[in-house]
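Data first, discussion second: the structure below is written as structure tokens.
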2 protein chains.
Amino acid sequence: MSQMHNVESQLREMILGLEIGPGERLTERWIESRFGASRTPVRAALLRLETEGLICRDGRGWTVSPINLAELEQIAVYREAVEVAALRLTCAQGDKSSVEVVEAMLDSCGSGTPREEWHRVGMDFHIDLARLSGNEFLFRAVRDAMTRLSRARWLEVRDEAALSRAWAEHHAILAAVRTGNADEAARQLSAHIVGSRDRLVTSLRNDRRGLRARGFAVVAA
Amino acid sequence: MSQMHNVESQLREMILGLEIGPGERLTERWIESRFGASRTPVRAALLRLETEGLICRDGRGWTVSPINLAELEQIAVYREAVEVAALRLTCAQGDKSSVEVVEAMLDSCGSGTPREEWHRVGMDFHIDLARLSGNEFLFRAVRDAMTRLSRARWLEVRDEAALSRAWAEHHAILAAVRTGNADEAARQLSAHIVGSRDRLVTSLRNDRRGLRARGFAVVAA
DNA sequence: GATACCAATTTGGGATACCAAGTTGGTATC
DNA sequence: GATACCAACTTGGTATCCCAAATTGGTATC
């Protein structure tokens, strides 16, 4: 694998894993020494991460994108549009066998599952569901949106009840898809996205002070 | 303006303007000498254009993305999702004054307007309409989709009747928006997008041989 | 003590040199 | 004439060097 992809993927993991906090400044030289690559692949990686929205320009330099509550709200609207569209395409397909794969992924999470796994499965559910539509653009849109949401979702305070609630909603969506009831599935998915957004934004707004104390920049809605 | 942006915008214009044909090979050294920049900004520009889908990797090198009929079909589905969502947001807004700006842009095109202008206005209509929603993600999605469609729309054989048909459909959509009739506006927009796609794909499929003869790579659906 | 100013350092943008892998064109062999 | 093989060239990937602008830290002046 090339140095560019090395730097890109490792830096992405560090940002998504909050090893580098939202709002933190990045210098090309630091990345260079941190990953043992020269500036050419470093700069290429930065350019790619910029298009993903994980970093942004800060005058002349680079900054890890802050958590932006207004952005989270807009992403939810965007998600609703593309995910519902993808879901309707999937419902219109005859073959429902692929739904079972997604269902199996959900069921792989139980009471003893670590939080990282809940987090990953919670995102992959939406991404894989979009992939089933067969539309590359809807799929990419959902994947990119979930990537942008990833850090905020990780910072959200979620108890066991919230996790199982999301899990149940995911199952309800799949059940509607399996019966081919597109309207019902779309309704469930919309409600799920809107509800998730409300809980996410509320949680972050309440924790904003604490998050800032941990060095995480959170921009208000 | 930096060299990177120079190369990026000039190369984008050359690709969108079909001065470099779909499927054509690009070498960093050629771009370097063509624009008088060194490889560092050239590579940065290539990476950015890659994320726009205007160029793609071809093994070790770079290729101007071919016209892909299957992709055009998928983009239409994607557009329908995001444009309708944006339109519904706009309809829900109280202030309808911004619609008039879009309307004025449409009316700036008449029988004597050059084809370039029709082409630009036809795209900007959809982009500006999406911008009115106030949702940055829906807006970017539409803008990027229209960018990807741009070359194909330019190659489409369009007579005077087709142009005025699109013009009338655009006006009908705005009329529905102005009265706040979201369902009607959405129906009109969906029909417009689907109809445009059908005519576009049909036209390109019919002309495929001729386009290939001109050196333009057209990938079948 | 506050502030204006200057030098040293840092940093991103760009240019260039080098390398490895792949391609090409020609040549020698059969 | 076809083919196997080799050398020269091309090309993208990477490292490194230079530069201008911005930041920083300290100092002198008021």
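Chain naming here is simple, since letters A, B, ... match the order of the sequence lines and numbering starts at 1 in each.
Comparing dA15(D), dG12(D), dA15(C) against the side chain of W62(B) picks out dG12(D) as the nearest. You'll find that the side chain of R60(A) is closest to dT11(C), out of dG13(C), dG12(D), dT11(C). You'll find that the side chain of A37(A) is closest to dA15(D), out of dT14(D), dG12(D), dA15(D).
Rounded to whole Å, the distance from CD on E32(A) to C1' on dC17(D) is 12 Å. Rounded to an integer number of Å, the gap from CG of L26(A) to C1' of dG12(C) is 13 Å. Look at CG on D58(B): it is 10 Å from P on dT23(C), rounded to the nearest Å. The separation between E28(B) atom CD and dA15(C) atom P is 14 Å, rounded to whole Å. For R25(B) and dT11(D), the CZ to P distance is 9 Å, given to the nearest whole Å. The distance between atom CZ of R48(B) and atom P of dG13(C), rounded to the nearest whole Å, is 11 Å. dT16(D) atom P lies 11 Å from atom CD of Q3(A), rounded to whole Å. Distance, W30(B) CH2 to dC9(D) P: 24 Å, rounded to whole Å.
A44(A) comes within 4.0 angstrom of no nucleic acid atom, judged by non-hydrogen atoms across all strands. As judged by a 4.0 angstrom heavy-atom cut-off over every strand, T40(A) is placed among the base-contacting residues.
Contact annotation: side chain of R43(A) to base of dG12(C), donor-acceptor pair absent below 3.5 Å. For dG13(D), the base has a donor-acceptor partner in the side chain of R39(B) [N/O atoms by modelled type, under 3.5 angstrom].
No more than 12 heavy atoms of other residues, nucleotides or ligands sit less than 6.0 Å from atom CZ of R209(B).
With rounding to the nearest 0.5 Å, the separation of CE in M105(A) from CD in E100(A) is 14.0 Å. Within the model, atoms CD of E116(A) and OG1 of T113(A) stand 11.5 Å from one another, a figure rounded to the nearest 0.5 Å.
Place R29(B) and R29(A) on DNA chain C by their nearest nucleotides, and R29(A) ends up nearer the 5' end.
Summarising the base pairing, dT29(C) is matched to dA2(D) through a Watson-Crick or G-U wobble pair whose two defining distances lie under 3.5 Å. dT10(C) is paired with dA21(D) under the criterion used here, namely a Watson-Crick or G-U wobble arrangement in which both key atom distances are under 3.5 Å.
Between H119(B) and R158(B), the side chains place no donor N or O within less than 3.5 Å of an acceptor N or O (distance only, hydrogens not considered).
Taking the six-membered ring where tryptophan is involved, the planes of H170(A) and H126(A) are perpendicular, since the angle between them exceeds 60° and thus also 30°.
Using a 4.0 Å cut-off, some side-chain N or O of S38(A) falls inside it from OP1 or OP2 of dA15(D).
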